[in-house]
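Presented below is the structure to which this report refers.
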Amino acid sequence: MGAASITSISAVLLILGVVLILVLSINNVVLDTKVKFDEIEVFLEDDLESTVLDNIEDKVKGQTGVISIMFRSKDQALALMKEEWGDEAYLLEGLDTNPLPDSYVVKVNDIEFAENLVNTIKTLDGVEEVKYYKDIIDKLLIFAGYIRFGGIVIIGILVFISVFIISNTIKITVSSRRREINIMKYVGATNGYIRGPFIIEGILFGIIGAALSIGLVYFGYDYFYSSMNEKLYNLFTFYLVSPESIFSDIAIMFGTIGAGIGALGSLVSLKRFLNV
Amino acid sequence: MIKFVNICKEYKAGVTALYNINTEIDKGEFVFLVGSSGAGKSTLIKLLLKEEGITSGKMFLNNKDITWVPNRRIPYIRRQIGVVFQDFRLLPNKTIYENVAFAMEIVGAHPKEIRRRVPMILSMVDLSRKAGSYPDQLSGGEQQRVSIARAIVNNPPVLIADEPTGNLDPDTAGEIMRVLQDINNRGTTILMATHAKDIVNSMKKRVIALEGGRLVRDEEKGGYSVEIPNI
């Protein structure tokens with residue numbers, strides 16, 4: 001009987017573990033992306049006077065959140081592009097003139113909150129276009145949000161199901177001890193006295209289920225993580241949370257949730273039987 | 001000890017089980033509650049055990065108003081009332097000793113006190129030799145004596161017996177009545193609902209008769225029915 005309860009709690013926590021690792025890893029990606037893409041590119045109109053350039057530079061420097069501003073001439077930009085394209089750089093050889101504009105590269109604190117800054121820069125004289133990577137960050141954040149939301153919904157449903165399974169399992173135990181409970185009530189046992197053993201049983205199921213899923217999540221993920229590390233030369237694992245760093249959090253979280261589901265399941269199943 | 005004042009009980013379906021019951025049972029009394037099936041005996045007992053709520057009126061136990069008691073206080077009311085049922089209600093997988101000790105464990109009695117008191121009560125109902133047996137190894141009369149032992153082991157001031165002799169032959173029933181009389185002699189107030197005409201007629205105790213939910217007779221040293229019993 002207990003097997004069904006333990007399995008259902010384990011399953012819930014297992015899925016919780018997977019969702020948790022996904023969310024944490026996506027958070028890592030978001031954080032990393034934020035650091036990498038902390039630049040705003042300000043493309044300039046052609047052939048600007050140096051006073052206009054100075055004006056732009058001064059105005060941008062004066063904004064909050066700006067760490068540095070660097071001028072990049074069209075020639076530098078082309079050289080950079082050639083470098084980035086590597087083997088395909090020969091394609092650029094055919095250009096008669098350099099089509100790239102001069103630009104400023106502005107480094108900022110937190111790209112997520114750069115929108116105001118960008119809007120201000122756009123209004124400056126001589127600025128043709130402003131590009132930054134907010135789109136990517138936004139998409140990542142939205143994606144992370146979906147994963148989080150989806151995870152919460154799935155976990156909510158699973159918690160409900162496992163409370164239901166546990167309460168049914170315990171209901172069978174309670175039902176077989178119905179007579180005993182009835183007699184206890186007549187002799188003057190308090191509800192707490194009657195509930196105690198069943199709640200302990202539920203919590204025990206929960207903790208066993210949690211222990212199982214902690215083992216599964218930890219060793220399963222550890223295996224996945226290290227095999228990924230070997231095959232992909234940490235290209236991918238760079239973004240994954242390390243198994244060691246989440247072990248204690250998962251252990252505490254799963255233990256608590258497992259015991260909680262167990263206790264709740266027992267309480268739900270007992271409610272009906274205590275009304276004598 | 002027990003006092004009912006204008007007690008009415010109406011079930012949700014609109015069925016009235018008790019009309020205006022007024023009576024008082026003093027400490028140390030032995031009272032028979034008689035009436036045909038459906039007269040309201042069981043309902044009255046259920047009200048006293050707080051199994052069901054009262055529609056109107058007031059009920060007192062030991063001078064305390066127990067008309068309305070919060071659910072969590074109900075166990076403490078029940079500890080003052082021992083109950084014996086027609087079907088004994090013993091736990092089949094516990095020994096006689098354990099069945100009685102169980103009632104003391106529930107109320108949190110000290111193990112030492114349990115070890116002292118259970119054998120004493122078992123000898124009072126003459127079952128010391130059966131302490132290690134299981135309920136299905138005992139006769140009906142013996143099982144009922146175990147259930148009486150369980151009901152009085154916590155020394156409640158009131159003992160309610162709901163048809164305690166209903167499943168027993170007349171000789172065994174007589175034996176049970178001697179045990180109850182013995183308990184009553186020690187000061188416990190007893191309220192016994194019964195159909196056993198012979199027992200009521202021979203014991204000459206106070207009789208409260210219910211009929212169709214109304215209290216129709218309350219007589220000292222009464223008989224089962226108004227007619228003079230066969231001489």
Side-chain angles (χ1 to χ4, degrees), chain A residues 1-6 163-208 259-276, chain B residues 45-46 48-53 61 66 69-94 98-109 114 118 121 135 143 146-162:
Chain A
M1 262 316 128
S5 310
I6 291 168
V163 165
F164 179 77
I165 291 177
I166 291 219
S167 75
N168 270 305
T169 310
I170 293 200
K171 213 176 262 173
I172 292 166
T173 327
V174 175
S175 190
S176 67
R177 292 181 61 191
R178 199 178 195 150
R179 197 181 165 81
E180 191 173 341
I181 291 173
N182 185 268
I183 292 167
M184 284 165 114
K185 294 284 291 187
Y186 278 117
V187 181
T190 56
N191 285 348
Y193 182 92
I194 297 169
R195 271 191 208 118
F198 293 107
I199 290 175
I200 289 169
E201 188 178 318
I203 290 175
L204 208 67
F205 286 164
I207 288 174
I208 294 171
I261 292 175
L264 194 66
S266 300
L267 276 176
V268 169
S269 67
L270 282 166
K271 210 168 162 40
R272 197 158 61 87
F273 289 93
L274 287 178
N275 293 327
V276 178
Chain B
I45 285 174
K46 279 180 181 163
L48 200 53
L49 289 173
K50 303 305 292 174
E51 245 180 273
E52 277 167 10
L61 177 69
I66 58 161
V69 177
N71 277 337
R72 62 188 169 76
R73 295 295 311 166
I74 289 177
Y76 302 95
I77 302 286
R78 290 188 180 155
R79 288 176 193 186
Q80 298 182 54
I81 306 172
V83 204
V84 175
F85 298 98
Q86 182 173 358
D87 57 357
F88 322 137
R89 300 196 190 177
L90 301 176
L91 296 172
N93 51 353
K94 284 191 196 296
E98 287 164 350
N99 261 286
V100 178
F102 169 72
M104 289 186 80
E105 284 160 13
I106 283 170
V107 302
I114 296 176
V118 174
I121 296 292
Q143 288 190 45
V146 177
S147 98
I148 293 172
R150 182 183 63 198
I152 60 167
V153 73
N154 287 324
N155 225 346
V158 177
L159 179 65
I160 291 179
D162 193 0

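Letters A, B, ... mirror the listed sequences (proteins, then strands); counts begin at 1. Note: hydrogens, waters and symmetry copies are ignored here, and every other heavy atom, side chains too, is used.
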Quiz item: Listed by chain and number, what are the salt bridge (Lys or Arg N to Asp or Glu O under 4.0 Å) partners of A:R178, not counting sequence neighbours?
Solution: none
Quiz prompt | Segment of B:K46 engaging chain A (4.5 angstrom heavy-atom cut-off) | solution = neither
Quiz prompt | Rounded distance (nearest 0.5 Å) linking atom CG of B:N93 with atom CZ of A:R177 | solution = 9.0 Å
Practice problem: Can you check whether anything in residues 148-156 of chain B gets within less than 4.5 Å of chain A, heavy-atom wise, and list it by number? | Solution: B:R150, B:N154
Quiz item: Counting N and O atoms only, with roles assigned by atom type, does the side chain of B:R89 sit under 3.5 Å from a partner on the main chain of A:I183, one being a donor and the other an acceptor?
Solution: no
Quiz item: For B:E105, is it the side chain, the backbone, both, or neither that has a heavy atom closer than 4.5 Å to a heavy atom of chain A?
Solution: both
Quiz item: Which heavy atom of B:R78 sits nearest a heavy atom of A:G188, and at what distance?
Solution: CB-CA, 4.0 Å
Exercise. Step by step, work out the side-chain contact (heavy atoms from CB on, under 4.5 Å) result for B:R79 and A:T190.
Key: CA-CA 10 Å; B:R79 288 176 193 186; A:T190 56; 3.7 Å; yes
Self-check item: Straight-line distance of A:R179 CZ to B:L90 CG, nearest 0.5 Å
Solution: 7.5 Å
